[in-house]
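FYI, the numbering just counts along the sequence from 1. Both backbone and side-chain heavy atoms feed into the values below; hydrogens, waters and symmetry mates do not.
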Amino acid sequence: MKDNHEKKDVSLFFSQCSGHPDKPLEIYMFVDPLCPECWALEPIIKKLQIEYGRLFTLKYIISGRLATLNVSKRMRPEKLAEAWEKTASRTGMSCDGNVWLDNPLSSPYIASLAIKSAELQGRKAGLRYLRKLREQLFIQSKNVSDEKILVQIADHVGLDADEFQKDLHSQSTAKALQCDLKITSEMDVHEIPTLAFFSEDVDEEGLKITGIYSYDMYVQVLKEMIGEVIKPSHKPPLEVFLEYYQFVASAEIAAVYDMTLVEVEKELKKLVLSQKVEKVQAKYGTFWKYIHTN
């Protein structure tokens with residue numbers, strides 16, 4: 001009984017982050033699963049969802065950057081690796097550029113299809129899959145254009161792996177991705193990440209923000225669109241945050257809890273000693289894995 005009760009407590013803290021028809025705003029987040037800049041936006045998105053998730057629903061649009069999907073063919077692997085390493089050292093969200101030298105992605109398009117295939121098993125399933133795919137690519141340097149790896153990820157995040165594999169080659173998945181690409185084109189999105197903010201007033205134009213800005217900038221946009229003073233929701237205790245997300249970067253904890261990386265390290269060391277979390281050292285930055293206890 002205790003386990004169920006604790007799970008309920010964790011879910012309660014994050015219930016405001018999930019979609020709800022009565023929320024006044026909707027945010028479309030245009031991403032490419034292989035884009036290190038989109039990955040680097042994760043700490044800000046987590047904080048925004050925790051503090052103001054009660055005000056908006058967040059919808060991921062997989063843009064796949066079709067115009068630049070062949071970037072890996074046009075750019076030398078060394079240049080791509082260098083760009084990834086720069087993003088990683090600047091943001092603390094590790095991306096190991098060596099994947100382009102040791103294990104290059106042959107077909108970037110299939111990773112976008114995989115996300116849509118996972119989404120056919122539910123919105124939350126799609127989000128779990130997107131996160132795990134990024135972890136495998138950016139931290140573990142796995143080749144996410146390899147179908148075997150994609151199916152393993154599906155299995156790992158609790159999807160029906162056989163169903164996922166079938167869907168990967170289905171018309172439904174291809175159409176779902178085409179739909180996202182059509183939205184990208186219609187909304188004139190040429191760069192990613194891009195966040196488009198919409199209010200429930202259909203006559204009001206949406207507001208697009210391309211690239212990564214400071215957290216305060218996104219809060220300011222929410223305030224302007226809501227048209228009144230808004231206060232952040234209470235943050236969950238750190239342990240609850242870790243239990244909910246399972247695997248997070250020091251950079252994500254630092255952003256959400258307004259801590260320095262040194263403070264995060266100090267705080268998390270206590271949880272390592274009490275065997276609540278495990279430290280995972282990445283090429284750039286540190287990640288923390290929550291340990292399930294009976």
- Message: Salt bridge check, D258 against K235: does any charged N sit closer than 4.0 Å to a carboxylate O?
- Response: yes
- Task: May I ask whether L120 and L127 are part of the same hydrophobic cluster, defined by side-chain heavy atoms of I, L, V, M, F, W, Y residues being less than 4.5 angstrom apart, directly or through others?
- Result: no
- Item | Residues which pass salt bridge (charged side-chain N to carboxylate O under 4.0 Å, His left out) with E135, listed by chain and number, not counting sequence neighbours | R131, K132
- Looking only at atom types and distance, does a side-chain atom of Q275 sit under 3.5 Å from a main-chain N or O of V272, one as donor and one as acceptor? no
- So CD1 of I62 and CG of D32: to nearest 0.5 Å the spacing works out to 8.0 Å
- What distance separates C38 SG from I45 CD1, expressed to the nearest 0.5 Å? 10.0 Å
- Message: Has S185 got a side-chain atom pairing as donor or acceptor with L181's backbone, closer than 3.5 angstrom?
- Response: no
- Looking at side-chain heavy atoms only, is the closest gap between I50 and P236 below 4.5 Å? yes
- Is any side-chain heavy atom of I110 closer than 4.5 Å to a side-chain heavy atom of V144? no
- Quick one: does E26's side chain have a donor or acceptor within less than 3.5 Å of a partner on F198's backbone? no
- Item | Exercise: identify the closest heavy-atom pair between I212 and A40 | CD1-CB, 3.9 Å
- Item | Linked, directly or transitively: L101 and L137 (ILVMFWY side chains, under 4.5 Å) | no
- Residues, nucleotides or ligands: over 12 heavy atoms within 6.0 Å of Q281 CD: yes
- Message: Are more than 12 heavy atoms, taken from residues, nucleotides or ligands other than K59, located less than 6.0 Å from that residue's NZ atom?
- Response: no
- Message: Taking the side chain as everything from C-beta on, heavy atoms only, tell me whether K46 gets closer than 4.5 Å to P43.
- Response: no
- Task: Give a yes or no answer on whether the side chain of S117 reaches the backbone of L113 with a donor-acceptor pair at less than 3.5 Å.
- Result: no
- Beyond-backbone contact of L268 with K279, side-chain heavy atoms, under 4.5 angstrom: no
- Message: Parallel, tilted or perpendicular: which one describes the rings of Y257 and F241, with boundaries at 30° and 60°?
- Response: perpendicular
- Message: Looking at every non-hydrogen atom in both residues, tell me the closest pair between A176 and K116 and how far apart they are.
- Response: O-CE, 3.7 Å
- Query: Looking only at atom types and distance, does a side-chain atom of E263 sit under 3.5 Å from a main-chain N or O of T260, one as donor and one as acceptor?
  - Reply: yes
- Message: Given 3.5 Å as the limit, does a donor-acceptor pair link the side chain of S94 with the main chain of G285, or not?
- Response: no
- Task: Keeping the roles fixed (side chain from Y218, backbone from Y213), state whether a donor-acceptor pair exists under 3.5 Å.
- Result: yes
- Between the CD1 atom in I27 and the CG atom in L207, the distance rounded to the nearest 0.5 Å is 10.5 Å
- Query: Step by step, would you call S141 with D96 a side chain to side chain contact (heavy atoms under 4.5 Å, CB included)?
  - Reply: CA-CA 6 Å; S141 292; D96 190 345; 3.3 Å; yes
- Note on the structure: Between W84 and L34 the two heavy atoms that sit nearest each other are CZ2-O, 3.5 Å
- Is there a side chain to side chain contact (heavy atoms under 4.5 Å, CB included) between L150 and F164 once you walk through the steps? CA-CA 9 Å; L150 295 172; F164 168 86; 4.2 Å; yes
- Query: According to a 4.5 Å side-chain heavy-atom criterion applied to Ile, Leu, Val, Met, Phe, Trp and Tyr, with indirect links allowed, do I44 and L261 form part of one hydrophobic cluster?
  - Reply: no
- Message: Is there a side chain to side chain contact (heavy atoms under 4.5 Å, CB included) between I183 and F30? Walk through the geometry before answering.
- Response: CA-CA 9 Å; I183 293 169; F30 295 86; 4.0 Å; yes
- Do side-chain atoms of D160 reach the backbone of E163 as a donor and acceptor pair under 3.5 angstrom? yes
- Say you draw a straight line from CG of L238 to NZ of K270; how long is it, rounded to the nearest 0.5 Å? 10.0 Å
- Taking the six-membered ring for Trp and the single ring otherwise, decide whether the centroids of Y290 and F247 are under 6.0 Å apart. no
- 4.5 Å side-chain heavy-atom contact, D180 and S63: no
- Can E252 and Y245 be counted as having a side-chain donor-acceptor contact under 3.5 angstrom? no
- G97 versus A81, closest heavy-atom pair with distance: O-CB, 3.2 Å
- Heavy-atom check, side chain of D188 versus side chain of K208, under 4.5 Å: yes
- Task: Please report the C-alpha distance between E42 and R134 in whole Å, then the side-chain angles of each, then the deciding distance to 0.1 Å, and finally whether the salt bridge (charged side-chain N to carboxylate O under 4.0 Å, His left out) criterion is met.
- Result: CA-CA 11 Å; E42 282 288 280; R134 286 162 149 183; 3.3 Å; yes
- Task: Could you tell me whether the side chain of S170 and the main chain of K166 form a donor-acceptor pair under 3.5 Å?
- Result: no
- Message: As a quick check of understanding, evaluate side chain to side chain contact (heavy atoms under 4.5 Å, CB included) for I153 and I149, giving each step before the final call.
- Response: CA-CA 6 Å; I153 295 169; I149 302 276; 4.1 Å; yes
- Stepwise salt bridge (charged side-chain N to carboxylate O under 4.0 Å, His left out) test for R90 and E37: CA-CA 10 Å; R90 193 182 76 245; E37 295 288 331; 3.1 Å; yes
- Query: Sequence neighbours excluded, which residues qualify as salt bridge (charged side-chain N to carboxylate O under 4.0 Å, His left out) partners of K269?
  - Reply: none
- Are the side chains of S199 and P24 in touch, meaning some heavy atoms are under 4.5 Å apart? no
- Message: Counting only heavy atoms not in K86 (residues, nucleotides, ligands), do more than 12 fall under 6.0 Å from its NZ?
- Response: no
- Item | K47 charged N/C atom sitting above Y215 aromatic ring, 6.0 Å / 45° | yes
- Query: Are D216 and S214 linked by a side-chain donor-acceptor pair shorter than 3.5 Å?
  - Reply: no
- Message: Regarding E265 and S250, do their side chains bring together a donor and an acceptor under 3.5 Å, going by distance alone?
- Response: no
- Message: Treating T194 as the side-chain partner and H190 as the backbone partner, does any N or O pair qualify as donor plus acceptor under 3.5 Å?
- Response: no
- Item | Gap separating the SG atom of C95 from the CD atom of E85, nearest 0.5 angstrom | 8.0 Å
- Message: For residues Y284 and V280: do they belong to one hydrophobic cluster (side chain heavy atoms under 4.5 Å, members Ile, Leu, Val, Met, Phe, Trp, Tyr)?
- Response: no
- Side-chain contact test, heavy atoms from C-beta onward, threshold under 4.5 Å: evaluate it for L133 versus K142 and give yes or no. no
- How about F197 and F56: are their ring centroids closer than 6.0 Å? no
- For Y52 and P232 the tightest heavy-atom approach is OH-CD, 3.4 Å
- Item | Ionic contact status for E119 with R123, cut-off 4.0 Å | no
